[in-house]
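First up is the structure itself, then whatever we jot down about it.
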Amino acid sequence: MKLSRQFTVFGSAIFCVVIFSLYLMLDRGHLDYPKSPRREGSFPQMLDVYSLIPFDNPDGGVWKQGFDITYKPDEWDTKPLQVFVVPHSHNDPGWLKTFDDYFREKTQYIFNNMVVKLKEDPRRKFIWSEISYLSKWWEAIDVQKKDAVKSLLENGQFEIVTGGWVMPDEAGAHYFAIIDQLIEGHQWLEKNLGVKPRSGWAIDPFGHSPTMAYLLKRAGFSHMLIQRVHYAVKKHFALHKTLEFFWRQNWDLGSVTDIFCHMMPFYSYDIPHTCGPDPKICCQFDFKRLPGGRYGCPWGVPPETIYPGNLQNRAEMLLDQYRKKSELFRTTVVLAPLGDDFRYTERTEWDHQFKNYQLLFDYMNSHSQYNVKIQFGTLSDYFDALEKEASASSRNSQSIFPVVSGDFFTYADRDDHYWSGYFTSRPFYKRMDRILESHLRAAEILYYFAMKQAKQYKISKFLSSSHYVMLTEARRNLGLFQHHDAITGTAKDWVVVDYGTRLFHSLMNLKKIIGHSALLLILKDKHSYDSYSSDTFLEMDLKQRTQSSLPQKNVISLSAEPRYLVVYNPSEQARSSVVSVCVSSSAAQVSSASGKPVEIQMSAVWDTATTVSQTAYEEMLNKGDGKSLEVTVQFSWYGTTSKRDKSGAYLFLPDGEAKPYVYTTPPFVRVQRGRFYSDVTCFFEHVTHRVRLYNIHGVEGQSVEISNIVDIRKEHNYEIAMRISSSINSQNRFYTDLNGYQIQPRVTMSKLPLQANVYPMTTMAYIQDAERRLTLLSAQSLGVSSLKSGQIEVIMDRRLMQDDNRGLEQGVHDNKITANLFRILLEKRSVVNMEEDQKAVSYPSLLSHITSSFLNHPVFPMTEKVPVPTLQLLGEFSPLMAPLPCDIHLVNLRTVQSKVDGKHSNEAALILHRKGFDCRFSSRDTGLLCSTTQGKILVQKLFSKFTVVSITPSSLSLMHPPPDARNISEINLSPMEISTFRIHLR
């Protein structure tokens, strides 16, 4: 029987512990929003809209999911129709091919031809969104091409929209990563092109989150566009002419978060569905589909090349569609996108589209009886014209547009085809994404501090290292993975491997940066850095062998020679945590930096369910009191429907309610007891399920940890779920977070199919009644539902053998052994007015926020690779003077690039988030070691080892300094606010 031990720290001589705790401390710098005009009426919440919509899906005629649109011919006599045709090309950074393959085979030609073709006629326009592709092309082109691009941007023919590294998914992506890829894109644009995007363009994410609207607003955007919204919601908005609205956050009592949003009305962003309601006609104006080409029109009528003989007839056909489309909106300005996936690769397509359309435009514009002004435009051309028109027709500063709050999940594009499958698809990588995020954040923070010390002590070996290049590459690899076919789990198998390899490569590099930066900061003699840092001197605790395997703990081989254990707490809060490391002998002892013995718990490390490893022991730090909860956890299976359309990477189409998980042989159950934690592990065929209680006086002792190792690689067309049941009387209401940023109340609706009641969960979901709240906290994004009162159900993995007809052309069968990590928190509610619970806004408790933060940002134990007797380390290194207020989270401290490639400046972007929390939950005896300060932080009380040379407010992604960007001495943040500051430390 193989045996091994694991110990939980606190002990003596063989081990030295250096607790290296970084608690970061914050508050808010002010970005005053422009005062917005008052908006019309009371504003609808999406939850109210769902209760109004019948979801009956009648046949709408040519616009199948809509209705017949009619107009009077004289409607534009007083105010002519203005049409902006906006050419675009949607380039997925990986989907059916990898990012590099797409670039090589398609994207580079789009850019090369754009430079030539836009120059031929100044009336031609083009928009672009994904900076990951633009930057790759930019590296390869000559100065003439670069200058041509700059002049096209200057004269308004070419516009960058959104300008993030990718067009991110809005369901599974965490706000940390969404902001990071936005900064990466905007910083690249600032350095290389000197442009600042002002309009958002999100035509392909599978459902839309208000978090995205908030982040764009904070980055200085004034308009945005969305497309993939439930067809019944589109129809409802079209009927009420509310497709253009001010999107307001549900927690905003004023209008500071309002951003103008355009929702595209029809089925898709392709040309057949963007000129008007009739795809059969619109398709005839996609001149890439001319007879003789590779594409035709599925409606059977091909386009015709425009010549004098058909000009009048064709112009009137197209104008009729534009007029009908305009009937769905409140102004006479019409947006008509002209593009599709990877369009405009060949010069012939540029010629066919631009020349034929120009003939149509010239004809319409020269015949005054049509009352139309039509032209090519960029997205901002459209929004600018719209704004001008709207302000002319607004009455007494009241806007003609409504206000809407809430989100646009769960998306269905037709019938009962709800896109709730991708909330869970490829969960192995959804977990890896979050591990990379916590490593990137830790590395960013440590690197900035270490770089400051390296400059101060002139440590050339650190300053000349490739750390910043590796950091930039990690930002970009994480950014690429936020793409709406990457983190979603909706790409081809080998593309998933490509993403995984990038994430894995950057994870290894970030471990090096953390190790080197930590070593420099904690060395007593900084100049000895050169002699210790050749290899990664401090070794991280977890090792992952390949991009598709689970991380394993390093076993530290002990000897008579003591060895340093360094623990890095990446949180801005002080924390009392259990630290586990694996050692080679059960006789290990641990002592603190001052030489005092540290208490430990020694536990076996099990190789398999029943055999204990002979070569490793696990170790951990202490604290708590366990309360018993009346909560049951069960597993269950979903199959897929027997109908023609079945579940796939995108769609969840179950064969009815979940069936209980049945096992033929009873599971092997293992119980461990110890001073700091005790756990029960059940070994089922498809799940190794561990429940652990921590007996410590800290936040981590307040909740139960659940770890599931899931393996469904032998199953066919099954999805495995974990259901948590309780006696909480939650009825049909539950709450899920959006992007780890805010909570969206949900109502399980019996008028909708089961799959429509599944929503994305990024970090938490909860149910509640008058007395209690039960929260499931998650360390990875998954699909969640509450199909019966008192239940939370999370889908942990899915294996599907067929394509679901959304273009992927494969099922999901590259499943891995996947680790899912959760915590369950039960809290007592006090002073509850049940009417409050009907409101459109809800907040987690402070305890819940901090538990989530600790779950997502675990401590990093590091050990000396080989004991070096001469090594002298500091007892601790704390860059913050004190922990930050409880409700303030340090999102990032991100070293800013310099004007030179691969180099950095002296500044960093300090990003702070003041969390909104429900203060009716008591924080007494919860182990919280912090206080709140109404969002105030004094700058000089922030850092202990560094001087703040300057700190100035900025827009979220550093694009816009405020007009009066002065040095500030106090940061003030409102609840829910995320703010960025440019900071220079010395």
Side-chain angles (χ1 to χ4, degrees), residues 2-8 427-428 431 434-435 541-542 544 549-553 577-582 601-613 616-621 623-624 626-629 631-636 661 663 665-696 700-712 720-725 775-780 782 792-797 816-826 851 854-856 858-859:
K2 286 178 79 189
L3 196 73
S4 140
R5 327 253 183 280
Q6 139 187 33
F7 76 85
T8 306
F428 179 90
R431 173 84 189 108
R434 297 276 273 277
I435 292 168
D541 179 46
L542 288 169
Q544 190 173 332
S549 58
L550 289 179
Q552 303 295 328
K553 273 191 178 293
S577 272
V578 170
V579 176
S580 284
V581 295
C582 289
Q601 167 178 333
M602 189 63 75
S603 315
V605 171
W606 301 77
D607 284 349
T608 65
T610 53
T611 56
V612 176
S613 157
Y617 298 84
E618 183 183 338
E619 152 206 349
M620 313 160 31
L621 302 179
K623 315 291 134 132
K627 300 204 174 74
S628 70
L629 326 173
V631 172
T632 58
V633 175
Q634 296 150 305
F635 297 102
S636 54
Y661 183 96
Y663 40 86
T665 49
F668 181 82
V669 178
R670 188 177 72 208
V671 180
Q672 293 194 110
R673 286 171 185 274
R675 178 183 292 162
F676 302 137
Y677 73 82
S678 301
D679 57 28
V680 178
T681 310
C682 304
F683 297 85
F684 299 97
E685 187 188 347
H686 304 90
V687 192
T688 300
H689 171 63
R690 189 189 78 199
V691 179
R692 180 172 282 184
L693 291 169
Y694 289 94
N695 180 37
I696 61 174
E700 290 167 29
Q702 302 291 320
S703 52
V704 180
E705 182 183 87
I706 293 193
S707 147
N708 294 324
I709 311 288
V710 178
D711 182 0
I712 59 168
I720 190 165
M722 175 175 74
R723 180 184 297 164
I724 297 160
S725 310
T775 307
L776 175 69
L777 299 136
S778 179
Q780 58 284 311
L782 296 165
I792 299 176
E793 182 175 278
V794 56
I795 299 182
M796 297 187 301
D797 200 1
K816 317 271 181 282
I817 298 175
T818 299
N820 282 314
L821 184 62
F822 306 99
R823 277 185 173 257
I824 295 178
L825 177 64
L826 183 69
T851 305
F854 288 0
L855 181 64
N856 282 282
V859 295

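Just so it is clear, the structure is predicted and the values come from calculations on it, not from any experiment. Starting from 1, each residue takes its place in the sequence as its number.
Counting heavy atoms from C-beta on, the side chains of Thr818 and Met796 never come closer than 4.5 Å. A heavy-atom distance below 4.5 Å is found between the side chains of Ser636 and Glu793. Taking 4.5 Å as the limit, some side-chain heavy atom of Leu550 sits within range of a side-chain heavy atom of Ile709. Side-chain contact between Val704 and Leu693 is present, with at least one heavy-atom pair separated by less than 4.5 Å. Within the 4.5 Å cutoff, side-chain heavy atoms of Phe635 are placed close to those of Asn708.
Remark: the backbone N or O of Asn820 is not paired with any side-chain donor or acceptor of Arg431 at under 3.5 angstrom.
With rounding to the nearest 0.5 Å, the separation of OG in Ser725 from CD1 in Ile792 is 10.0 Å. Here CZ of Arg692 is found 7.5 Å from OG1 of Thr681. Values are rounded to the nearest 0.5 Å. The CD atom of Gln601 sits 8.0 Å away from the CZ atom of Arg675 when rounded to the nearest 0.5 Å. Annotation: the span from Phe854 atom CZ to Leu777 atom CG amounts to 12.5 Å, rounded to 0.5 Å. With values rounded to the nearest 0.5 angstrom, Ile435 atom CD1 is found 6.5 Å from Gln544 atom CD. In this structure, Asn856 CG and Ser778 OG are separated by 8.0 Å, a value rounded to the nearest 0.5 Å.
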Begin with the C-alpha distance, continue with both residues' side-chain angles, and end with the deciding distance and a verdict on side-chain contact (heavy atoms from CB on, under 4.5 Å) for Arg823 and Leu825. CA-CA 6 Å; Arg823 277 185 173 257; Leu825 177 64; over 6 Å; no
Before giving the answer on side-chain contact (heavy atoms from CB on, under 4.5 Å), spell out for Asp679 and Glu705 the whole-Å C-alpha distance, their side-chain angles and the decisive distance to 0.1 Å. CA-CA 9 Å; Asp679 57 28; Glu705 182 183 87; over 6 Å; no
Would you please test Glu685 and Tyr663 for side-chain hydrogen bond (donor to acceptor under 3.5 Å, both in side chains) and show each step? CA-CA 8 Å; Glu685 187 188 347; Tyr663 40 86; over 6 Å; no
Would Thr851 and Gln702 count as a side-chain contact (heavy atoms from CB on, under 4.5 Å) if you check the C-alpha gap in whole Å, the side-chain angles of each, and the deciding distance to 0.1 Å? CA-CA 9 Å; Thr851 305; Gln702 302 291 320; 5.7 Å; no
Run the side-chain contact (heavy atoms from CB on, under 4.5 Å) check on Phe822 and Val794 step by step: do they pass? CA-CA 11 Å; Phe822 306 99; Val794 56; 4.2 Å; yes
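Nearest heavy-atom pair across Ser678 and Gly674 is OG-N, 3.3 Å. Pairing each heavy atom of Cys582 with each of Val605, the nearest pair is SG-CG2, 3.9 Å. Across Ser577 and Glu700, no two heavy atoms sit closer than the pair OG-OE2, 2.8 Å. Nearest heavy atom pair, residue Pro427 against residue Leu782, reads CB-CD2, 4.0 Å.
Listed by chain and number, the residues in a ring pair (Phe, Tyr, Trp, His ring centres under 6.0 Å) with Tyr661 are Trp637, Phe684, His686 (sequence neighbours excluded).
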